[in-house]
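Structure record follows, encoded as structure tokens.
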Amino acid sequence: MLKPLLIEIGVEELPAVPLLKELKNIETKYAKILEEYALLGEFEFYYTPRRLVLWHREFKVSQEDSVEEFFGAPLAVAYKDGEPTPAAKGFAKKCGVTLEELSSTDKGGKEVLYYKKDVKGKASVELLAEIIEKWIKSLEFGKTMRWGSASDKFIRPIRWVNVMMDDKLVPFTLFGVNAAKSTFLHRIAKFGALDVGGAKEYFEVLKEGGVTLFPELRAEKIKADFTKIEKESGLTIEVDEELFDEVVAITENPTALLGSFDEAFLRLPPEVIITSMKEHQRYFPVFKDGKLINKFVVVSNALTDDFTEVIAGNEVVLRPRLADGLFFWDNDLKRGLSTQGLEKITFFKGLGTVTDKIDREEKIASRLFDKYDFSANKEDLTRAVKLAKADLMSEMVYEFTELQGLMGGYYAQEQGENEVVATAITEQYLPDGEDSELPSTPLSAVVAMSIKLDTLLGLFSVNQIPTGSRDPFALRRAVNGILRIVNEYGFSFDIIETMKELSAGYETIDLEKLESFILERVKRYYKVNPSIIAAVLASGERDLLALGQKIEALNNLVNSEGFSEVSATFNRVANIVKDLDLNADLNVNADLFEEEAEKALFSRYSEVTSATYATYEEELDALLGLKPELDIFFTNVMVNADDENIKNNRKSLVASVYKSILNIADIKEVSI
């Protein structure tokens, strides 16, 4: 039999970020618990800042009856001379029956003790208290709290519990709160509890009480309000998806409203205004013709027909935030960009101060500048590196730490630094994510690489190597950033030779571990068949730029039509030369050729290897194009000839072909 079931856990306002982080696990955890109790069925989960709700349109009123089987020791062990042994007695005790009630059955070709009993399913109402409490305790929101005299902990105090199967209350107590057939509406609609007749009535009660229970409906309402505001005002609202999800999570009756602030604050950098609005007030910035204007959008939770006071209140709250920002801005401009004081800030234990880090970054940047030939002024590079961390001493960055670097770029411009330097300071941490922008100039790219490389080398030198999923210093992201820069700007970067050179100024670094760490990121960075990456790495290539180019070249050819036939031929080549030392000189003597097929192969091979290629793909395509000559060679030529000189000459010919391809990739490693 099936009945509707509603479970509502009422809480004080839930913080949005922890809730959203756990959101993807909430339903999974509940389903797993239901499965443990043999009560799994379809359900839906909803949330508002004041409630977690589970809704079953149809829920089993009881578990299904089942059969439990118990298997014991073999009869030969259970009985000796017709008398039960301790094994038999122990099995009977375990099953809760007498020896006479046991039987036997065949299992694995042996006759063993056996007992079967029918188990009547329990009523769901007897299990729900245990299920709900187990579910609530399984949720992980980070920080938890106790309240009142309760010993249990949760992210916020639980204030009411409502569990109804159809129109009947399921009585139980959760964290000291007794279940009741009542709920709480929007605070403006009604402050106290309101009785609810039954599970199906619950949804209508909330709707009439100003609570939009379904998150997707709240999201749709906010989007509709945004569209209306944009249409009526001719403005554009910048929608940050994370902020949008937070707003959906902290409102029960959302209404988007357009407010404004004093135009004088627009002399602040846009990022300061936007950060202040987003971080502190959860406001959305507004633009006109691509330029930030003195407007903002707030999503109100108020239940009213007149939002005049709501808008005015939010405008009043925002003003002191922006006034603080303007105060910091003016003070920082008076002081100017200065690294004084950074010598007192420790970067990391064992790695000195921030000043020490800047010195190391400058040395790396200088070496990279000399290595890469591009049009730029080395003095600009040095200046950018020296000033990159200067804004750490600014009041603005002290208040808004996430603006470090960006503010340095603005201050650099204001104090007359040239555009190249200011841009490099602004872009020093790019790219800082998979979809992040890249530095816009080669000089900015070298500055960004230098910062990432010093962090990587420095932390490896003090054995702060990421393990498992832990990566507190984002070293994996740093390597990904280096990969993106190298590929974008065509910077050659050999992870063995270059890292060995750059590591000279650090304490002992395990360069083999560092190489393995970087190569592990390479394997995850490229979204291709893993065997393609393995094939390129097997060639011995360790230059990040060449690695990327070779992986792309091989991937394109592997995915082209007919590669499986090509692969078969070159796997045969690999098999023939597997015992040869490919590092030795492979001298092929054309005077020892006896068959036209070997002459044709050598002639074509010489032609291919003497040509110049613009890309690795062109070169690899040409080498793999030797397949017809190789197939004819294998058909008409006996490689293992009786004459030792002829045999070795033929093997050297085949090995030469394979070695040329191995400069790009080991084809036999590719699995398709």
Indicate whether any N or O donor in one side chain lies under 3.5 Å from an N or O acceptor in the other, for Glu552 and Asn555.
no
Checking side-chain polar atoms at under 3.5 Å, does Glu252 have a donor or acceptor matched by the opposite partner on Thr48?
yes
Keeping to residues at least two apart or across chains, list the salt bridge (charged side-chain N to carboxylate O under 4.0 Å, His left out) pairs with something in residues 518-539.
Glu520-Arg524
With distance as the sole criterion, is a donor-acceptor pair present between the side chains of Thr173 and Asn178 under 3.5 Å?
yes
Would you say that more than 12 heavy atoms from the other residues, nucleotides or ligands in this model lie under 6.0 Å from the CD of Glu512, or not?
no
Looking at Glu434, I want to see if its CD is surrounded by more than 12 non-hydrogen atoms of other residues, nucleotides or ligands under 6.0 Å.
no
Can you list every ring pair (Phe, Tyr, Trp, His ring centres under 6.0 Å) pair that touches residues 108-150, not counting sequence neighbours?
Tyr30-Trp135, Phe71-Tyr114, Phe141-Phe154
Looking just at side-chain N and O atoms, do Thr183 and Glu8 make a donor-acceptor pair shorter than 3.5 Å?
yes
Any chance the side chains of Thr569 and Asp631 put a donor and an acceptor closer than 3.5 Å?
yes
Presence of salt bridge, Glu515 and Arg542, under 4.0 angstrom:
yes
State yes or no: are the ring centers of Phe284 and Phe226 separated by less than 6.0 Å?
yes
Does Glu64 have more than 12 heavy atoms from other residues, nucleotides or ligands lying within 6.0 Å of its CD?
no
For Arg57, salt bridge (charged side-chain N to carboxylate O under 4.0 Å, His left out) partners two or more places apart
Glu44
Summary of salt bridge (charged side-chain N to carboxylate O under 4.0 Å, His left out) pairs that have at least one residue in residues 122-135, sequence neighbours excluded:
Glu36-Lys134, Glu133-Lys137
Pairs meeting criterion ring pair (Phe, Tyr, Trp, His ring centres under 6.0 Å) with involvement of residues 162-191, two or more places apart:
Trp160-Phe184
Ring centres under 6.0 Å, that's the criterion: do Trp55 and Phe203 meet it?
yes
So salt bridge (charged side-chain N to carboxylate O under 4.0 Å, His left out) across residues 171-195, not counting sequence neighbours, yields Glu13-Arg187
